[in-house]
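As structure tokens, the structure follows; a few thoughts come after it.
Every chain is numbered from 1 and lettered A, B, ... according to where its sequence line falls, protein lines coming before strand lines.
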Amino acid sequence: MNKAAMPVQLLKIIKEQSETPLPSHLQKENLQHLQEGCDYTNRYIQGIITLSYPLTKLRDGTDFFKIVLQDSDNLSSQINSINVLIYGKMAEDCAKIIRHGETFIVAGFKVVKLPTAREDGRHDCHLEVSEEAGSAIYIYTKPGINAASETASLSVAPKYVYTPLNHLKDGTIVNLYGVVKFFKPPYISKGTDYCSVVTLVDPSNAKLTCSLFNGNLDSLPKIYKVGDIVRFHRIKIREYNGQMQGITSGGFASLTFDGTVGAPVVPRTSSRVYTFMDEEQKTIEELRIWAASNISISGPAAKLSGVQPMLFFDLTCQLVGKAKVDGSSFLLKVWDGTKCPYPTWKVPVEAKDLEGEKVLLQQLRNLAVDILVYDNHVQLAESLKVGSFLRIYSIHTKQASADNKDVSHIEFHLHGGTCYGRGIGVLPESNPDVKELKAFLESVDLTDDLELHLQRCQQLSVTVLTDHQDLSNTELKTITRSPAPQQYRIRAKLRTYKPQKLHQSVKLHCSKCNSLQEVPDRDAFDLILHDSAGTAPNPELHNTSWYESVTWTTQDQKKREIAIHFVKRDEMLQHPEDTLLMIEGGTLKEIWKLAKRFKCVIPVRSTEDDLELLDLSAPFLLQGNVKYYGCKQCSTPKPMKNLSSIAAEQQPSWEPTEIAQVLGIQLLQYVFVMKFTLVDETGALNAYLFDYEKFFQIPASEILTNNFLQQKMQMTMNTLCPPGRKLGDLPWLECFIRSYNVRDEMKNQVYYQIFDTTVAEDVV
DNA sequence: TTAGGGTTGG
């Protein structure tokens, strides 16, 4: 078995004799003789695992696992145990398979002496172990230790064979992997069991729909979203209507994994005993990558602030109240921290029938919404615990007119039946979406009385002027009848705006040629990176006076050559968060990772005599989440050595504008471009908003990568222009607008632009 | 046994 695939080896012992002997070049080292600085490449330490700590991640994302080894040959000696610190893939593997009491052998470690002496009988050195350092780990597992657990006797566990979905045969019982393409969360069937219907796909492009039954809800797969990956053991295959279908058989067992590329590979299961090894982790990772380009995963589930009438959506929320309504319907009161922009329907129920914390329900009266669930969902709804986190699938938003025809309110229904996966799932607190939701709910300020807030918006203006307060208001009718250019102060209401999908409002603007362009998507960047990976790093350009270079070749089949050039600073200590680096041959993901860790990342490629920037359709600079682009028309890229002038500064701030300037790049700026339709008693006009960050007080450069800011902007727009209200109930905006002429061959057009205006501080 | 995917009635 090669070491890259399986850095940790399991050796089975039979009658105290290892079946697989250790490599002969390894020599045993005594704990007492360890010394810092010696070469232990071909030496090993053997001991019994007496203690292990939970697997954790270091700040840079490296897995870290710590165990304590006891020297069983020298139990009487004063120092008989030592800490072993394991990093990276090895940490992960060890955490998965080691057991206290097992014999653990580590070779090729590094000895590090601790600054202070220990008093607990442990060695005053520890061992550092990682694949990169060339370490090897051998674990002796004795068959028969704790035989009830499959994990304890991994080395003798049966090897499972997994059948691709295009090779399934009628009447067989098989094991399989699949990506969830569709699912119905468990519901109470018409028989005696819970039922969950799951449709799987895999890289064979075959599809399998499974009907899974179990009297115990916990025994069905814990699927939370399309794209999750499942492993089924012992599922029965039958032919039905000319197609294969899966159905639970006696020994059915399942594991479910998050389908997100890069997420930790942690199985969700109800069974305490399962096998899961390196090979299977690899399968999950491969399926994730396949799924990423072959399955359309429904976008981020809707928030209440983003609901539209007449649609179906999945809502992740917290249950704050519940009530029986009648025999065929049941009320759930839920919230997700955002405010539904429409007036929402309140289901009349007797106060005594409503379960939930009264104070909280009162505080949340403007944030919580009523969801009426029907028929087969009632029984499950009754069993839900107030306070739990739910995902409700395929809620229907129905628009209904109240007595007053202009005010439409919105109703939330979970209709009967299970079409389209309609149903309710309880999410555990460990679910990443729940963690995010909880954090958001905790940030919501409940002391703020929202009704008063809305009333305040009716009376005062939701926007304020940042200059020219002395100007008096002009009616819109007067403005549209006057020649341009001029400047006005107006008081108007925002009847509608475009684009409604707010992320579409973000563009890139060149202040030199005044052009606007779309923000390039990741595919464009990916393509450029692929192209430039064809140019190998030029070794003559490595390690110059102003940067240090590190290079390596990837271990996969592609054998990519990567070079990273760290710009040197005139200081003893250089922190990653202050460092600029240039990278050749990196992938999208690698570059994003580096950009999070280091101050600046510049993707480059080698020429004969210097490094150069890539095509300007790619960002020329990445800082954190923000990608900086240059104008193709107005830039004249210069060689990278021009950067050395900034690097020579005492404390380079690495400002994007400064970097752009020395590299001959005309920096494009992120900007919100929106069209506001403004009205007052006298008329209407369309005014353009052209805003870098002043109006929303949100930098346009960050909106595309920051969910929180997107939500904040959506809520701002909902306040400025609450959907479903009649004109009289819309809030007032105070704005400055300027008129200007745009001439083309045919005619002269007057346009309007908003300026020196910002959203009032207490509005968001 | 149950369901066998494909929205809307209250």
Side-chain angles (χ1 to χ4, degrees), chain A residues 165 168 170-171 178-201 206-217 219-221 223 225-228 230 232 235-250 252 295-298 301-302 307-315 323-332 344-349 370-381 391-402 408-425:
Chain A
L165 298 184
L168 298 173
D170 185 23
V179 182
V180 175
K181 186 180 176 290
F182 167 81
F183 72 104
K184 292 184 175 183
Y187 59 95
I188 298 160
S189 75
K190 290 186 181 123
T192 57
D193 291 332
Y194 285 97
C195 173
S196 180
V197 173
V198 182
T199 301
L200 304 179
V201 287
K207 193 175 97 170
L208 180 75
T209 298
C210 304
S211 300
L212 311 175
F213 300 100
N214 202 300
N216 177 7
L217 184 68
S219 296
L220 291 170
I223 297 167
K225 52 171 76 160
V226 167
D228 279 352
V230 293
F232 289 168
I235 185 156
K236 187 152 71 183
I237 303 300
R238 291 198 315 207
E239 194 177 324
Y240 176 77
N241 281 345
Q243 285 198 313
M244 291 302 161
Q245 68 166 201
I247 188 155
T248 36
S249 74
F252 176 80
I295 301 246
S296 53
I297 291 167
S298 47
V307 298
Q308 299 286 328
M310 305 300 280
L311 52 69
F312 293 87
F313 72 107
D314 299 344
L315 181 68
K324 187 178 160 58
V325 178
D326 58 45
S328 68
S329 64
F330 195 84
L331 169 66
L332 298 178
T344 64
W345 182 46
K346 296 291 171 201
V347 179
V349 288
D370 284 7
I371 298 176
L372 207 51
V373 313
Y374 295 96
D375 306 335
N376 57 315
H377 307 299
V378 169
Q379 200 184 338
L380 202 131
R391 184 163 290 146
I392 309 180
Y393 299 92
S394 209
I395 298 176
H396 181 208
T397 55
K398 184 178 168 192
Q399 196 164 26
S401 289
S408 54
H409 69 211
I410 209 163
E411 301 178 358
F412 297 94
H413 299 269
L414 188 71
H415 296 293
T418 60
C419 281
Y420 270 84
R422 205 185 284 144
I424 306 171

When you get a sec, tell me which of [options] is the closest nucleotide to the side chain of [X]?
| X | options | result |
| --- | --- | --- |
| F312(A) | dG5(B), dT2(B), dT8(B) | dT8(B) |
| R422(A) | dT8(B), dA3(B), dG5(B) | dT8(B) |
| S189(A) | dG5(B), dG10(B), dT2(B) | dT2(B) |
| D375(A) | dG5(B), dG9(B), dA3(B) | dG9(B) |
| S394(A) | dT7(B), dG10(B), dT2(B) | dT7(B) |
| K398(A) | dG10(B), dT7(B), dG4(B) | dG10(B) |
| S211(A) | dT2(B), dG6(B), dG4(B) | dG4(B) |

Check this for me: does the side-chain of [X] come within 3.5 Å of the base of [N] through a donor and an acceptor?
| X | N | value |
| --- | --- | --- |
| H415(A) | dG10(B) | yes |
| S329(A) | dG10(B) | no |
| D326(A) | dG10(B) | no |
| K181(A) | dG5(B) | yes |

Nearest whole Å is fine: how far is [N] [atom2] from [X] [atom1]?
| X | N | atom1 | atom2 | result |
| --- | --- | --- | --- | --- |
| E239(A) | dA3(B) | CD | P | 22 Å |
| M244(A) | dA3(B) | CE | C1' | 18 Å |
| H413(A) | dT7(B) | NE2 | C1' | 13 Å |
| F252(A) | dA3(B) | CZ | P | 17 Å |
| F412(A) | dG9(B) | CZ | C1' | 18 Å |
| H377(A) | dT8(B) | NE2 | C1' | 12 Å |
| N376(A) | dG5(B) | CG | P | 17 Å |
| I237(A) | dG4(B) | CD1 | P | 17 Å |

For a quick check of understanding: with a heavy-atom distance under 4.0 Å over all strands, which category does [X] fall into, base, sugar-phosphate or nothing?
| X | answer |
| --- | --- |
| Y393(A) | nothing |
| L372(A) | nothing |
| S328(A) | base |
| G416(A) | base |

Does [X] use its side chain to pair, donor to acceptor, with the backbone of [Y] at less than 3.5 Å?
| X | Y | value |
| --- | --- | --- |
| H377(A) | H415(A) | yes |
| D326(A) | S328(A) | yes |
| D193(A) | F213(A) | no |
| N376(A) | G416(A) | no |

Taking all non-hydrogen atoms of both residues, which atom of Y187(A) and which atom of L380(A) are closest, and how far apart?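 Residues Y187(A) and L380(A), closest heavy atoms: CA-CD1, 4.4 Å.
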So is the aromatic ring of Y374(A) stacked onto the base of dG10(B), judging by whether the centres are under 5.5 Å apart and the planes are under 30° apart? yes
Is Y420(A) stacked on the base of dG6(B), with ring centres under 5.5 Å apart and planes under 30° apart?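 Not stacked by the 5.5 Å and 30° rule.
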So which one's nearest nucleotide on DNA chain B is more toward 5', F213(A) or T199(A)? F213(A)
Between F412(A) and L372(A), is any pair of side-chain heavy atoms under 4.5 Å apart?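 With C-beta onward as the side chain, the pair stays apart.
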Distance test, side-chain N/O of K184(A) to OP1/OP2 of dG4(B), below 4.0 Å: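 Yes, K184(A) has a side-chain N/O under 4.0 Å of OP1/OP2 on dG4(B).
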dG5(B) glycosidic torsion: syn (within 90° of 0) vs anti: anti
Using atom P in both nucleotides, what's the gap between dG4(B) and dT8(B) to the nearest angstrom?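 Rounded to whole Å, the distance is 14 Å.
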Under 6.0 Å from the CD atom of Q379(A), do we count more than 12 heavy atoms belonging to anything else shown?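 Counting neighbours around CD of Q379(A), 12 or fewer heavy atoms of other residues, nucleotides or ligands fall under 6.0 Å, so no.
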